[in-house]
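Please read the structure below before turning to the comments.
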Amino acid sequence: MKRFNWKSVSGLMLAVICAAPMLQSCSKTPDVSQPEVPVVPKTQKEYAIFVTVGNATSGENYYTLVTGDLTKDTLISPVNSGIEPDNVTSWAYIYSVFFNGSFYFTQDGNIISKQQIVNGRYKKLGNVVAEAGSWQLGMMKTVFNDKGLNFLSWEANYNATEDVIEKNLYVLDTAAVTIKTKLPVKFPVPLFELRDNNGKVMEKKDIPITPSSFAIRDNKVFIGFYYNWMTKIDTAYMLVCDYPGLTNVKLLKDARLGHVSGAWHASSSSFTDENGDYYFSTISKDKKYGLLRIKKGATTIDPDYSYSLSELGNISGGATWGDYAGSDHHAYLKNGLAFMGSYIIDVRNKKVVKDLNSFGLGKVQITMDTYTENNNEIYVVLKTTEGRWYIGKYDVTANTLTKGVEIHSGIKGISRIGRIK
């Protein structure tokens with residue numbers, strides 16, 4: 001870009017002014033100099049890539065790789081450069097969340113730790129220890145809002161007085177790393193029998209609650225769930241109650257597309273669009289995906305909306321127990337477009353826009369989080385047929401997928417990508 005020469009501009013203006021009749025004298029030529037514009041330094045970006053190294057035989061280790069550019073054509077490796085959080089096991093890696101540069105995770109079932117990368121190392125910013133009970137603070141689904149970190153914990157207790165199953169919703173003060181509130185969400189006891197792995201009918205006190213989607217909006221809590229991870233029920237259950245008091249419980253049911261999809265940890269099987277409409281995914285007994293919707297301001301499932309994704313089949317992870325989908329994560333972008341599995345889907349107009357696997361750069365891998373920027377760029381994990389791992393950037397507007405950073409192929413998997421700063 002050409003720069004203006006203010007000396008030349010000043011001289012030209014001076015000549016014009018002096019030559020023009022009926023104008024002020026040359027000695028009163030106005031000052032055309034411009035005030036200096038302060039230079040605002042660009043924020044140096046940093047991203048975290050969470051990788052797993054090893055296998056079931058040799059054991060697994062968990063590292064965070066840091067890069068300033070996810071799109072750079074370079075190779076990074078956990079060897080000698082991976083940062084290892086304190087006390088992270090496979091469970092801690094799953095029962096966790098990364099938000100605003102901080103890593104929150106469950107240790108030993110009754111501790112939540114907040115750590116942050118500072119000067120190339122993880123620094124512990126605080127711990128919360130449960131009052132009692134194994135897995136009392138096992139973080140399942142999480143939501144951040146102005147009250148802090150809201151999370152549903154692992155434990156479930158039968159309340160015989162009210163004949164409900166209670167699962168606690170905790171609110172963590174993220175600055176002080178303390179529990180602000182703990183209140184029970186009250187799930188109605190199912191009217192049908194549930195059986196354990198041996199086919200024995202479960203007692204009410206043994207019925208677990210498995211949340212798969214979790215949202216807080218319009219002063220309401222929305223929890224998609226199943227009563228048991230071995231469920232054979234082909235009905236979607238959604239519990240709605242007031243927030244933050246958790247009163248006025250309402251149980252929604254929908255049998256059009258199967259039960260709610262997703263596992264109970266980390267990943268989010270739902271999203272909210274710009275209109276405030278809330279979408280959550282389902283999966284049928286024959287592992288066909290679908291979407292249902294709750295419109296903004298409503299506390300009922302929209303009877304006029306259901307989107308069967310049967311053409312795509314099971315786009316989540318493989319089932320681990322029973323007939324439900326494994327870990328799946330959806331991310332909303334803009335203008336009705338959402339990322340599900342490897343697909344960009346127009347959920348409002350019910351059509352598939354693009355399968356990112358069709359670009360031929362590798363197969364999109366399942367992760368616990370999906371990082372997006374500007375509501376237009378989405379970063380995915382790609383694995384080639386040769387076993388090479390890449391971060392790929394999909395540009396929604398341009399409809400392009402490009403390879404970025406390559407991760408050394410000695411890894412087992414990548415669970416999430418997040419922004420540090």
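- The aromatic rings of Phe271 and Tyr279 lie parallel to each other, with less than 30° between the two planes, well short of the 60° mark.
- Using a 30° and 60° split on the angle between ring planes, Phe192 and Tyr227 fall in the perpendicular class, above 60°.
- Of the residues listed (Asn376, Thr400, Asn399, Thr402), the one engaging Tyr394 in a side-chain hydrogen bond (donor to acceptor under 3.5 Å, both in side chains) is Asn399, and it is the only one.
- Under the salt bridge (Lys or Arg N to Asp or Glu O under 4.0 Å) criterion, Lys186 pairs with Glu162, sequence neighbours left out.
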Any chance you could lay out the salt bridge (charged side-chain N to carboxylate O under 4.0 Å, His left out) test for Asp273 and Arg348, step after step, and finish with the verdict? CA-CA 10 Å; Asp273 69 7; Arg348 294 177 190 159; 3.4 Å; yes
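- Within the structure, the ring pair (Phe, Tyr, Trp, His ring centres under 6.0 Å) test picks out the following pairs touching residues 339-372 (sequence neighbours left out): Tyr47-Tyr371, Tyr371-Tyr379.
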Listed pairs under 3.5 Å, donor-acceptor, residues 117-128 side chains, sequence neighbours left out:
residue : atom : partner : partner atom : Å
Tyr122  : OH   : Thr64   : OG1          : 2.8
Asn127  : OD1  : Ser113  : OG           : 3.1

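- In this structure a side-chain-to-backbone donor-acceptor pair under 3.5 Å is present from Lys167 to Ser153.
- Open room surrounds CG on Asp73; 12 or fewer heavy atoms of other groups in view lie less than 6.0 Å from it.
- Across Asp218, Asp277, Asp302, a single residue satisfies salt bridge (Lys or Arg N to Asp or Glu O under 4.0 Å) together with Lys296, and that is Asp218.
- The aromatic rings of Phe99 and Phe144 sit parallel, their planes meeting at an angle under 30°, below the 60° perpendicular limit.
- Annotation: cation-pi pair Arg293/Phe280 absent, no NZ/CZ under 6.0 Å from the ring centroid and within 45° of its normal.
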